[in-house]
K.L.:
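Sharing a structure below in structure tokens format, with a few things to ask.
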Amino acid sequence: MTNNYWLLKSEPDTFGIEDLAAAPKRTTRWDGVRNFQARNMLRDSIAKGDRAFFYHSSCEIPGIAGIVRIAKAGYPDPSAFDPKNHYYDPDSAKYGADAPRWYALDVTLERKFKRVIRLDELRAHAGAALADLVILRRGNRLSVTPVSKKEWDFVLTLE
DNA sequence: GCCAACGTTGGC
DNA sequence: GCCAACGTTGGC
């Protein structure tokens, strides 16, 4: 499966769009994904040059804060091999260098929205234009989800 | 802080 | 391979 548009979740208390704006070259490593479904997308589907919504989760105003571009496609996540890292995975090593368990991306901030497009605004369109938006589905917890071109374009009209 | 939803683990 | 227990996510 390939797709050109995605949505990436981040907790702004840990790393928000302001942090990305302040990062060198407005670029950061997107690491620490420890879910197999999300991992598969990082590894197999997300390509350099694809774009993604930067979504703020677990915060006062959940919603889409801006757009990032994939600066580097999926590569083995170094944090999985670093015992001092919060995301260290002791089982990772046994998968071997040719079949890493976890993957990371590099993303560059393309632009911050003038305002956050809030989750409740997105949900207001769940009966129509955004009926299939994955993050609006019940119980969805994936930190990486695909977005269709139709959904992408529609969200941009909400800004 | 609560709790629903869901993924992962491990005993059997 | 089943499934209970456990951990995590994330909105509220």
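Everything numeric in this text was worked out from a predicted model, so none of it was measured. We name chains A, B, ... by the order of the sequence lines, and we start the count at 1 in each one. Because only heavy atoms are used, hydrogens play no part in the values below, and waters and symmetry mates are left out as well, while side chains stay in.
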K.L.:
Measure from CG on N40(A) to C1' on dG7(B) and round the result to the nearest Å.
P.N.:
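Distance check: N40(A) CG to dG7(B) C1' gives 13 Å.
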K.L.:
What is the distance, to the nearest angstrom, from the NE2 atom on H56(A) to the P atom on dG11(C)?
P.N.:
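Interatomic distance, NE2 of H56(A) to P of dG11(C): 12 Å.
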K.L.:
Answer yes or no: is there a side-chain heavy-atom contact under 4.5 Å between V147(A) and W6(A)?
P.N.:
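Of all side-chain heavy-atom pairs linking W6(A) with V147(A), none is under 4.5 Å.
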K.L.:
Do any of residues 117-140 of chain A sit with a heavy atom less than 4.0 Å from DNA chain B, and if so which?
P.N.:
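R138(A), G139(A), in order of number.
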K.L.:
To the nearest 10°, let me know how far the axis at one end of the helix from dG1(B)-dC12(C) to dC12(B)-dG1(C) is tilted from the axis at the other, five pairs an end.
P.N.:
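The angle separating the two end axes equals 10°.
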K.L.:
Does the side chain of F113(A) come within less than 4.5 Å of I67(A)'s, by heavy atoms?
P.N.:
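Yes, close enough: below the 4.5 Å cut-off.
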K.L.:
Check the phosphate of dG11(C) against Y55(A), side-chain N and O only, distance under 4.0 Å to OP1 or OP2. Yes or no?
P.N.:
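True: Y55(A) side-chain N/O within range (under 4.0 Å) of dG11(C) OP1/OP2.
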K.L.:
Taking E159(A) for its side chain and K114(A) for its backbone only, find out whether a donor-acceptor pair lies under 3.5 Å.
P.N.:
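Between the backbone of K114(A) and the side chain of E159(A) there is a qualifying donor-acceptor contact (under 3.5 Å).
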K.L.:
Measure from CG on L142(A) to P on dG11(C) and round the result to the nearest Å.
P.N.:
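Between P of dG11(C) and CG of L142(A): 13 Å.
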K.L.:
When rounded to the nearest 0.5 angstrom, what distance separates CD in E151(A) from CG in L130(A)?
P.N.:
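Interatomic distance, E151(A) CD to L130(A) CG, rounded to 0.5 Å: 6.5 Å.
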K.L.:
From CG of D89(A) over to P of dG7(B), roughly how many Å is that when rounded to an integer?
P.N.:
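These atoms are roughly 19 Å apart.
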K.L.:
Are the side chain of S10(A) and the backbone of F15(A) linked by a donor-acceptor contact shorter than 3.5 Å?
P.N.:
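Confirmed, S10(A) side chain pairs with F15(A) backbone.
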K.L.:
Consider the side chain of R101(A), meaning its heavy atoms from C-beta on, and name the nucleotide among dG11(C), dG7(B), dT9(B) that approaches it most closely.
P.N.:
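The nucleotide sitting nearest to the side chain is dT9(B).
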K.L.:
If I take atom CD in residue E11(A) and atom C1' in nucleotide dG11(C), what distance separates them, rounded to the nearest angstrom?
P.N.:
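After rounding, the reported distance stands at 12 Å.
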K.L.:
Taking only side-chain N and O atoms of K9(A), does any of them lie within less than 4.0 angstrom of OP1 or OP2 on dG10(C)?
P.N.:
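Answer yes for this pair, as a side-chain N or O of K9(A) is under 4.0 Å from OP1 or OP2.
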K.L.:
Taking CE from M41(A) and C1' from dG7(B), how many angstroms apart are they, rounded to a whole number?
P.N.:
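Going from CE in M41(A) over to C1' in dG7(B) covers 14 Å.
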K.L.:
I need the CG-C1' distance between N35(A) and dT8(B), as an integer number of Å.
P.N.:
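Taking atom C1' of dT8(B) as the reference, CG of N35(A) is at 10 Å.
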K.L.:
Measure CD/E60(A) against P/dG11(C) and give the value in whole Å, please.
P.N.:
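These atoms are roughly 13 Å apart.
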K.L.:
Would you tabulate the side-chain donor-acceptor contacts of residues 28-37 of chain A under 3.5 Å, counting partners in other chains and residues two or more places apart, or write 'none'?
P.N.:
residue: R29(A); atom: NE; partner: Y75(A); partner atom: OH; Å: 2.8
residue: R34(A); atom: NE; partner: Y87(A); partner atom: O; Å: 3.1
residue: R34(A); atom: NH1; partner: D77(A); partner atom: OD2; Å: 3.0
residue: R34(A); atom: NH2; partner: D77(A); partner atom: OD2; Å: 3.4
residue: R34(A); atom: NH2; partner: S79(A); partner atom: OG; Å: 3.0
residue: R34(A); atom: NH2; partner: Y87(A); partner atom: O; Å: 2.8
residue: N35(A); atom: OD1; partner: Q37(A); partner atom: N; Å: 3.0
residue: N35(A); atom: OD1; partner: A38(A); partner atom: N; Å: 3.0

K.L.:
What about R141(A): does its side chain form a donor-acceptor pair under 3.5 Å with the base of dT8(C)?
P.N.:
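Donor-acceptor pair under 3.5 Å: yes.
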K.L.:
Would E60(A) and R118(A) pass as an ion pair if we require N to O under 4.0 Å?
P.N.:
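Looking at E60(A) and R118(A), the cut-off is not met.
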K.L.:
Run the salt-bridge test on E18(A) and K112(A) with the 4.0 Å N-O cut-off and return the result as yes or no.
P.N.:
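Yes, this pair counts.
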K.L.:
Is a salt bridge present between R51(A) and E110(A), judged by a nitrogen-to-oxygen distance below 4.0 Å?
P.N.:
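Yes, this pair counts.
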